[in-house]
Amino acid sequence: MATKELDFSKILFTGVKRNKSNLNQTSSDGTHLRMRILPEADGQPAKKLKKQQIEEIENSDENAVQLFSSSKPTKLEPTTKKVQKNLEADAKKEKVTKIRKLNQIFTWGDEIADPFINFPDLKLSPVFLHNLSEFQIKEPSPIQMQAIPLMLQRRDILAAAPTGSGKTLAFILPVIKQLLDKPEKKLSTIILEPTRVLARQVFVQFVKYCQNLPIKYAFYTEGEFPADSQVIITTPNRLISAVETDNALIKKMKTLEWIIMDESDKLFDDHESTANFREKLGKIFKWCDGAMTRKAFFSATFSHEVEHWCKEHLVNVAMICIGERNTSNSLVSQQLIYAGSESGKISAIRDVLQKGFDPPAIIFVQNKDRAGQLYSQLRSDFPKLPIELISSEITDKEKDKILDQVRCKKCFVLICTELIGRGIDLPSVNLVINFDLPTSIVSYIHRVGRTGRAGHLGRAITYFTETDLKYIRPIATVIHQAGFDVPSYTLALDKPTKKLKKELQSNEIERKTFGSVKKWEKIKRFKRMNEEIMEVIKVKGQMLADDDTGGDIVGRRRRQKPIGKKKLLEKKNETKAAEIKPVIKKKNVPKKMKSIKV
Ligand SMILES: Nc1ncnc2c1ncn2[C@@H]1O[C@H](COP(=O)(O)OP(=O)(O)OP(=O)(O)O)[C@@H](O)[C@H]1O
């Protein structure tokens, strides 16, 4: 038992190192990480159970989630019943093991519930089932097969599954089911997302799946806290400020059924941009310490930080890992290309766009200034191409509008920063381009995971220059481990030292600008007038809220420089609080700027 547990925890927390044999096995058919696979589908039919055996299994535990779809019980003689029961228990165990193996479901913990196979097995209400099928949710993905029964067991859970594999529904469904089965008027669940954009996205999922269901849910950003809702989706920052303004809310937090952390490793992140974030989480957990409150953590990537925290603080935690931990989505074909210099990257991107691509595509850059520069550059290179830009300085309303345009393929190219590197579900995206090298493996996995979602195929191109050589090896290794070719020398380069990695997290890689700064400044002025851009005003010692930036912190170095007495005085006069405010010049504001000529 001890060895078994050791193996599982190794898989969960250190991942399975790929060797030549298992590399081929996974890369040639990545679909098994996404779609449910049953033994029959593997070409090896499961040992057929006798009808009676099946019936016995089905009736062995009325309340448990059933592994097999319904059939009626038959009465058996007591002695035969015992023998049958053992037989069936063995058969069931064998089947569960096989299903887990085929779907790469690794679990760890005591008394892990069996995975389920069909949504009707969960005894969902017909309306709920109908809502699911209306949005093409016909069969569960592996993470849903295992996480849902565990959450229905009402226990703390730590779940890791690849990007785009349906983690959101894995935690939404049990919450909805439990509220339908046992309607409660009180606040029952809080879902925390690292950014406002993601919180809105999860809220939209509730809108979809809760049609005609008596569930009260809310997306909270500011204003009055919707404490009469059963489910609230928000960010840690917003929750804290709500509770700190109204201490009476603490009482409501004590009786929560669930506190769910999506993208949980991001919430535990301790980068400069998220300083004090864990402290804030600590605060939230202190409020949510009711005996009935269960905690769930979901993410595509997990750090040891999260693991340690969970082991220390969670009760009887069940852990799940789908596939290999911290690996990139093998449904996405991945390329690593040496572009030489910044101008080399521009030429390469022009080439990709000129040769034709299947839109929409997402291009990631390292900060908002570079996003702006690339935006103005590509707009002048391809004036007819619908190109948009999302960074922390774009207003919330505009961000939502642009994301919707990408979803319905009205926007062909989206240039963005780390702000939407995680969690954003844009199923139509076919191509991800890392114009600037991601600063970590985790960032790479999430960025690339914006394509190849829900079982679809995708493509990702990552460019690097001479400047990136000292950081490239970990990214090259991840791509190689996913089964794709990389320039062989990238795997032989020195690994970046811990110090270098840390430096990379707190300081951006210094890169040359690419000659269109002025154009971008001009566009920005128009966008500001059009209320599409807000200005980030930073007052000494205060950081932007991470839920607004998603780590898209710009010009850290620049901000650390003293800004001079005169300028400081000007800034102080401009604002009293360090807030993100839309800067709209009231004078001479044209009604709406429809197009911008550059
Ligand atoms: N069982 C299912 N069948 C078909 N599609 C599904 C199923 N479950 C989820 N999806 C769809 O898959 C897409 C990705 O789901 P989701 O956003 O939950 O992924 P995720 O695992 O949270 O990814 P990320 O790690 O990037 O946040 C969504 O468009 C969702 O509607």
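Please read all numbers here as calculations on a predicted model, not as lab measurements.
Nearest heavy-atom pair, Gly421 versus Phe364, reported as atom, atom and distance to 0.1 Å: CA-CE2, 3.6 Å.
Side-chain contact check for Pro438 versus Ile445: every heavy-atom pair is 4.5 Å or farther apart. At a threshold of 4.5 Å between non-hydrogen side-chain atoms, the residues Ile390 and Leu419 count as touching. Side chains of Leu414 and Ile420 form a contact here, defined as non-hydrogen atoms less than 4.5 Å apart. At a threshold of 4.5 Å between non-hydrogen side-chain atoms, the residues Arg453 and Thr163 count as touching. Looking at heavy atoms from C-beta onward, Leu403 lies in side-chain contact with Leu426 at the 4.5 angstrom threshold. Within the 4.5 Å cutoff, no side-chain heavy atoms of Phe302 are placed close to those of Met319. Looking only at side-chain heavy atoms (C-beta outward), Tyr220 and Thr235 stay at 4.5 Å or farther from each other. Val231 has its side chain out of reach of Ser188: every pair of non-hydrogen atoms, C-beta onward, lies at least 4.5 Å apart.
Ion pairing of Lys283 with Glu244 is present here, as a side-chain N (NZ or NE/NH1/NH2) and a carboxylate O approach within less than 4.0 Å. Here Lys208 does not pair with Glu134 in a salt bridge; the nearest charged N to carboxylate O distance is not below 4.0 Å. Remark: Asp400 engages Arg196 in a salt bridge, criterion side-chain N to carboxylate O under 4.0 Å. Classification of Lys401 and Asp404 as a salt-bridged pair fails, no side-chain N sitting under 4.0 Å from a carboxylate O. Arg422 and Asp265 are joined by a salt bridge, as a carboxylate oxygen and a charged side-chain nitrogen come within less than 4.0 angstrom of each other. Ion pairing of Glu398 with Lys527 is absent here, as no side-chain N (NZ or NE/NH1/NH2) approaches a carboxylate O to less than 4.0 Å. At a threshold of 4.0 Å, the pair Arg294-Asp156 counts as salt-bridged, since one of the basic side-chain nitrogens sits closer than that to a carboxylate oxygen.
Inspection of the Asn326 and Thr301 side chains reveals no N or O donor paired with an N or O acceptor under 3.5 Å.
Side chain of Asn329 to main chain of Gly452: a donor-acceptor pair is present (N/O by atom type, distance under 3.5 Å, no hydrogens or angles). With Asn103 contributing its side chain and Ile105 its backbone, the two residues share no donor-acceptor pair below 3.5 Å.
When each of Asn131, Asp181, Leu129 is paired with Leu124, the side-chain contact (heavy atoms from CB on, under 4.5 Å) condition holds for Leu129 and for no other. Applying side-chain hydrogen bond (donor to acceptor under 3.5 Å, both in side chains) to Glu418 and the options Lys368, His446, Gln366, Arg447 leaves one that passes, Arg447.
Rounding to the nearest 0.5 angstrom, the gap separating the CD atom in Gln230 from the CG atom in Leu187 is 9.0 Å. Taking CD from Gln178 and CH2 from Trp258, the interatomic distance works out to 6.5 Å, rounded to the nearest 0.5 Å.
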Check against salt bridge (charged side-chain N to carboxylate O under 4.0 Å, His left out), Glu257 and Lys186: CA-CA 10 Å; Glu257 299 281 323; Lys186 66 177 178 68; 3.6 Å; yes
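The neighbour count for Lys251 NZ, taken as heavy atoms of other residues, nucleotides or ligands under 6.0 Å away, does not exceed 12. More than 12 non-hydrogen atoms from other residues, nucleotides or ligands lie less than 6.0 angstrom from NZ of Lys295.
By the ring-ring contact (aromatic ring centres under 6.0 Å, His included) test, Phe171 is found to be paired with Phe298, residues two or more places apart in sequence or in another chain being considered. In this structure, the ring-ring contact (aromatic ring centres under 6.0 Å, His included) partners of Phe206, at least two apart in sequence or on a different chain, are Tyr217.
Judged as a salt bridge (charged side-chain N to carboxylate O under 4.0 Å, His left out), the pairs with a partner in residues 217-235 (not counting sequence neighbours) are, in order, Lys216-Asp228.
Ring geometry for Phe135 against Tyr209 counts as perpendicular: the plane angle is over 60°, on a 0 to 90° scale with 30° as the lower cut.
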